[in-house]
Amino acid sequence: MLTARFFRMIEGRGLVFLGIMALVALLVPLCNLYVPPGNPFHVSNGTVVLLGKYLCYAMFAVALDLVWGYCGILSLGHGAFFALGGYAMGMYLMRQIGTRGVYAHPVLPDFMVFLNYKDLPLTWWGFQHFPYAMLMVVLVPGLLAFVFGWLAFRSRVTGVYLSIMTQALTYALWLSFFRNDMGFGGNNGLTDFKDILGFNVQAQGTRAGLFIITCMALALTFIIARMIVASTYGKVLVAIRDGESRTRFLGYRVEHHKLLVWVVSAMMAGVAGALYVPQVGIINPSEFHPANSIEAVVWVALGGRGTLVGAALGAVVVNWLKTVFTTGWLAPYWLFALGGLFVLVTLAMPKGLIGVWEDVRARLANRKAIADAKASGAGSSDVRSPGPQVPR
Amino acid sequence: MSAVTQSILYLDGVSVAFDGFKALRSLSLTLQPGEMRAIIGPNGAGKTTMMDVITGKTKADEGDVLFDKGTIDLSRYDEAAIAELGIGRKFQKPTVFESHTVADNVLLALKGDRSPFSALFGARNRITGEIIDRYLAIVRLLDHRTRLAGALSHGQKQWLEIAMLLAQDPKLLLIDEPVAGMTDAETDVTAELLKDIARDHSVVVVEHDMGFVRALGCRVTCLHEGSVLAEGSIDAVAGNERVIEVYLGR
Amino acid sequence: MPFAPLLRSFMLCCLVVLSALALAATQAQAQAQTPAAMPAQGERLAAGLERFKADSFADTEAAVAAIAAAGSAQGVAILSALADRRLFAGAAGVFYRDAAGQAFDALTGQPATIPADAAMVRLNNRLRNVVQAALGTMTLLSPDPAQRVRAAEAVFRSRDASALVTIEAALTSEQNPRVRRAFEEARAAILLASADAPEELLIAAARRIAEAGDNDAISLLRQFAGQTTGGLKAVIDQGIVSIEQAQRIRAWGQTLWFGISLGSVLLLAAIGLAITFGVMGVINMAHGEMVMIGAYVTFVVQELFRNHAPHLLDWSLPLAIPLAFITAGLVGIAIERGVIRFLYGRPLETLLATFGISLVLQQAIRTWFGPTNREVSAPSYMAGSFEFVGLQITYGRLWIVVFTLCVFAALLLVLKATPLGLQMRAVTQNRRMASAMGIRTRFVDAMTFGLGSGIAGVAGVALSQIDNVSPNLGQSYIIDSFMVVVFGGVGNLWGTLVAAFTLGIANKLLEPFAGAVLGKIIILVLLILFIQKRPRGLFALKGRAVEQ
């Protein structure tokens, strides 16, 4: 009974997605650790990191789609939540370095010694404890989202105004984190991590482990997001997206509903950022750059806004393209491609890849139905008569 | 003050101006519990603005807007709170949630806890199909319950909105042009429907269709330039010289 | 129009600055006059010159004193030559070269050739100061009033008591009020320094110095504040306080000017957006790139001039203005026709598509011009600065402020007084109605967008003067521009004007306390909070029309 409800909630497309995730989580580490290099099925260490990065972006995209695709809030500053989660994780990793840093200070990270800090700033307290750091990974983005959302939604800032404000938010954070006296490593950010929970972050085994955890986190994020959109709450969100003031006239406190999904989404983005940092080995202020957030929006748009699987798919596809472009002779053309993608998606495929796929499927099904009808020789297949009916 | 204490809705001296344009000029209107009232008047007479003021979309610059025997000052509440207090509104242009099914539209409208948590985990997820069907049956949309609301015809959307209004179970219904764009047959059905509803609700109907207003058989108020021009039975108002001059035409 | 007076006062301000400049220049010319000649100049000069030949520092000092006492224009030339290592002494006499290298006989002042045995007269550091002081005293009698003022200021700083006699003498005949004031201040400074003067005289001197009110005056007063007592001290302290107050006011004025200057840059960057976003409601994220295009047009025009007509280089900027307008305008029209027109009514999609366009434009510029900064030089009329009531104002900034206001005025004129402006307003207010009245709405859309983009291009011409011309130029303005337009209230040009100057001034006010970056962050946060309070900006339109 419960499983049946679960399957219904996840939907066919989602089940396929979860299946692929399970397969990837299993195969990639296996092929990395146990298939010897040189074998065509070997997955290199670099590829594991790259795929891990894609999956973090996919998680981020799911979070973004939850607010944009379902609730109509186009956030151009979601990268801020991702980066804050990343910084929280980075701070934990910095505290783990201990005396192995260049200056071998037992408490202060290298950059603080370099900048003549005497004591550890209050913001860094407790980050040596993993559970506390993990709490901050969700709490800091969540809190910022709560404060921002509470102010913005209550005063009914909507549409592009909200988008521009979210952009200003991440812009302000971007400027702030560049400053050395913020105490987060300034321009250089946090890097040179040594280990996480006692495991060496550079080790092959740790990387495989992190990859599996990322797969699981993405699957879990997806399931939570799916639970949200499949519940009546999801219907309220769509109602707000399509007719905010109408929803309000039905008696819904639109601002509360928006705030909840906004905060949940920010927390998800924070977790994605936290998983991203140990895999790529660095977090710096450039993650706050407004362009990053807009780029994430195009992942969602390309994959298919309002379809969680599409968002994840879009993130992976765009970032894979980015890798292909920026590692070869095509590098100078990447921005042309990305820019073109923005225009193409908005003009030609507003429903994204998933939408295109569904159109193709519908057309095929239609063709098949016509063929079947011809084969059976039956004339009428439409039971419902079209047009308005006057019941009397 | 018996007029106040007996009324479900009491507007007194309400004025609203937009950038110098006076949409409402000292408008006064009283509605008894259980009463149905038709509002007529030319474009720009302030009909929609009056609805906006009652439902909290627009704040009155001056004047009293009282609800439920004068116990509630509506100017102190916002749209969602006013809807919770028991005032439902149907818009001039049918506004249903087009990407939801007909049944989901009613589900969203149904009376009950409207907090996010209720929608996420609570009571709103346990509403059964039968309850929804009851409202769909009233507006004769039962056969369409799984269709997307966006696929309905114009008239059906109007009815769906009325169903949603009923599902809210409000004490007072504000209905803006319910038969605009409807066929004559649809108009007749709607008139019957509203008369049914008016048995146990207070209703304010704004409409241009004089035949429809006559079919409702209720008191009529004619607005002009933001204030009341005439009020009374349909025959009295339709016979009023000023009403004929500014609205009905000779 | 409640803001018309504001604009008028801005214009007035600029006019006042310009006319003050012109006035100062004419005064300086008209009031030149020659000082009284001193007797027996010739002999003293000759005696002094003799001693240069000795080639000892002591003799040179005596020579300087003698020439200074002689006090002729010829002496000034000789001493300046000495200071600049252009004085040569030999058996045949003393000679000097002027700054252009022409040689003269020091005694006669006639052109001459310097004999081979004449050696350069050497100086040590102490002597160099003596020469400077002597020059200071002597130039007190220079025929050029500007030079007399400079000389008096030098005396004011050195408080060289030996100059007192010259100053007293000069004051008796001095007519030029500016020079008189400088002389009086210098005399007061010397008096104050010589503690043996009677107290009334000292107090008068202190008052006189306090009136001068500049940095030199306050440092002088501070120096003596500790050494004096009684009535004199009170006068000095009071003088210090009043000067400090004047300086504070001046500092505020300077901040205000910087703020206005920054505000005009913001306005310039945002003004095109006020059309595309404010009037049309199109979120054009490629707006910054239109500015960038304008800047690169300026660069190209200037390069062409540099290579083909270098003597006309100063004309490259005025010529770049129409070209930038046309280029950016055409790009804008192409964007509108190619992309935006399919997205009307879908602001979020427009935002994404135009962001994509901005990436493409940036990369195109990067491919053609390279990723590095390009040099755009300032024409001669924009170089330099002048002082106005104690404020340092650079011509470059002043031009940008004036230019911005001109662009703003021109835009207002286009919107209010041309058929296109009327059609624009009609289309934005009610598209279907306008269309029904025979207005070609698509054409008007394209023209409006072209106008907004073109103005952004014009902004790029001005911004190329104060910012790096690089592919990232536009990016740095886009968020600020949106903030200005949103803050001012969408669809309200006057709001944009007020918002730009408010933000500019607020930014500069915060900078001294918070630093540039933190100041900007504070402004951003305040703006975010402000938009929460008034989501439609400072001067929001009210009514039913804005609901949808």
Side-chain angles (χ1 to χ4, degrees), chain A residues 5 8-9 66 69-72 146 149 153-156 224-265 305-307 351 383-392, chain B residues 55-57 78-91 95-101 104-105 107-111 114-127 139-144 147 150 152-156 159 161 164-165 167-168 170 183 185-186 188-189:
Chain A
R5 257 181 66 184
R8 216 173 35 242
M9 183 194 84
L66 201 54
Y70 290 91
C71 197
F146 182 83
F153 301 142
R154 205 182 42 136
S155 37
R156 299 189 187 176
I224 292 173
R226 201 53 239 172
M227 270 171 64
I228 290 174
V229 301
S231 70
T232 313
Y233 178 59
K235 289 172 183 164
V236 176
L237 292 184
V238 173
I240 291 170
R241 179 190 76 190
D242 293 347
E244 178 165 337
S245 94
R246 182 71 181 92
T247 316
R248 200 171 265 130
F249 281 114
L250 280 181
Y252 287 95
R253 295 238 152 248
V254 167
E255 54 275 24
H256 295 176
H257 288 77
K258 278 182 163 180
L259 191 58
L260 179 66
V261 73
W262 176 250
V263 170
V264 167
S265 168
R305 177 188 169 196
T307 60
K351 286 181 183 167
V383 188
R384 244 188 354 236
S385 63
Q389 278 178 313
V390 183
R392 183 95 232 217
Chain B
T55 53
K57 190 176 179 191
D78 68 357
E79 297 99 312
I82 289 172
E84 282 288 280
L85 287 170
I87 297 182
R89 177 173 184 185
K90 194 204 86 65
F91 287 82
T95 44
V96 293
F97 301 114
E98 306 215 334
S99 47
H100 279 314
T101 64
D104 281 345
N105 267 282
L107 168 68
L108 288 174
L110 268 168
K111 186 190 174 92
R114 288 194 172 85
S115 72
F117 291 97
S118 156
L120 197 50
F121 308 113
R124 203 157 280 273
N125 287 299
R126 290 190 286 275
I127 288 169
V139 295
R140 300 159 173 93
L141 284 174
L142 213 44
D143 296 341
H144 303 278
R147 286 179 76 190
L152 295 179
S153 75
H154 186 81
Q156 286 169 331
W159 282 329
E161 237 193 311
M164 289 165 73
L165 206 51
Q168 278 178 263
T183 62
E186 285 174 324
D188 291 345
V189 174

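The model shown is predicted, which means the values in this text are computed figures rather than measured ones. Residue numbering restarts at 1 for every chain, and letters A, B, ... go by the order of the sequence lines.
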Hey, is the main chain of [Y] close enough, under 3.5 Å, to the side chain of [X] for a donor-acceptor pair?
{"X": "Tyr252(A)", "Y": "Leu108(B)", "answer": "yes"}
{"X": "His257(A)", "Y": "Arg114(B)", "answer": "yes"}
{"X": "Arg124(B)", "Y": "Thr232(A)", "answer": "no"}
{"X": "Asn125(B)", "Y": "Ser231(A)", "answer": "no"}
{"X": "His256(A)", "Y": "Pro116(B)", "answer": "no"}

**Request:** Would you mind checking which part of Ala167(B) comes under 4.5 Å of any heavy atom in chain A, side chain (CB onward), backbone (N, CA, C, O), both or neither?
**Result:**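 When you check distances to chain A, no heavy atom of Ala167(B) falls under 4.5 Å.
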**Asked** Could you state the interatomic distance from OG (Ser115(B)) to CZ (Arg253(A)), rounded to the nearest 0.5 Å?
**Response**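 CZ of Arg253(A) is found 11.5 Å from OG of Ser115(B).
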**Point-to-point distance, once rounded to the nearest 0.5 Å, from CZ of Arg248(A) to CZ of Arg89(B)** =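 Answer rounded to 0.5 Å: 13.5 Å.
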**Request:** For side chain to side chain contact (heavy atoms under 4.5 Å, CB included), just list the numbers for Glu98(B) and Asp242(A), CA-CA rounded to whole Å, side-chain angles, deciding distance to a tenth of an Å, and then say yes or no.
**Result:** CA-CA 8 Å; Glu98(B) 306 215 334; Asp242(A) 293 347; 5.8 Å; no
**Message:** What verdict does the side chain to side chain contact (heavy atoms under 4.5 Å, CB included) test give for Phe97(B) and Ile240(A), after you've listed the backbone C-alpha separation in whole Å, the side-chain angles of each residue and the deciding distance to 0.1 Å?
**Reply:** CA-CA 9 Å; Phe97(B) 301 114; Ile240(A) 291 170; over 6 Å; no
**Item:** Evaluation steps, side chain to side chain contact (heavy atoms under 4.5 Å, CB included), between Glu255(A) and Asp78(B)
**Value:** CA-CA 12 Å; Glu255(A) 54 275 24; Asp78(B) 68 357; 4.2 Å; yes
**Asked** Under a 4.0 Å N-O cut-off, is there an ion pair linking Glu79(B) with Arg246(A)?
**Response**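 So Glu79(B) does not pair with Arg246(A) through a salt bridge.
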**Asked** What part of Leu260(A) gets closer than 4.5 Å to chain B, counting heavy atoms only: side chain, backbone, both or neither?
**Response**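 When you check distances to chain B, only side chain atoms of Leu260(A) fall under 4.5 Å.
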**Message:** Using a 4.5 angstrom heavy-atom cutoff, name the option from Leu152(B), Thr55(B), Ile87(B) with the most pairs to chain A.
**Reply:**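 Maximum pair count with chain A is reached by Thr55(B).
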**Asked** Step by step, would you call Phe249(A) with Phe91(B) a ring-ring contact (aromatic ring centres under 6.0 Å, His included)?
**Response** CA-CA 10 Å; Phe249(A) 281 114; Phe91(B) 287 82; 5.0 Å; yes
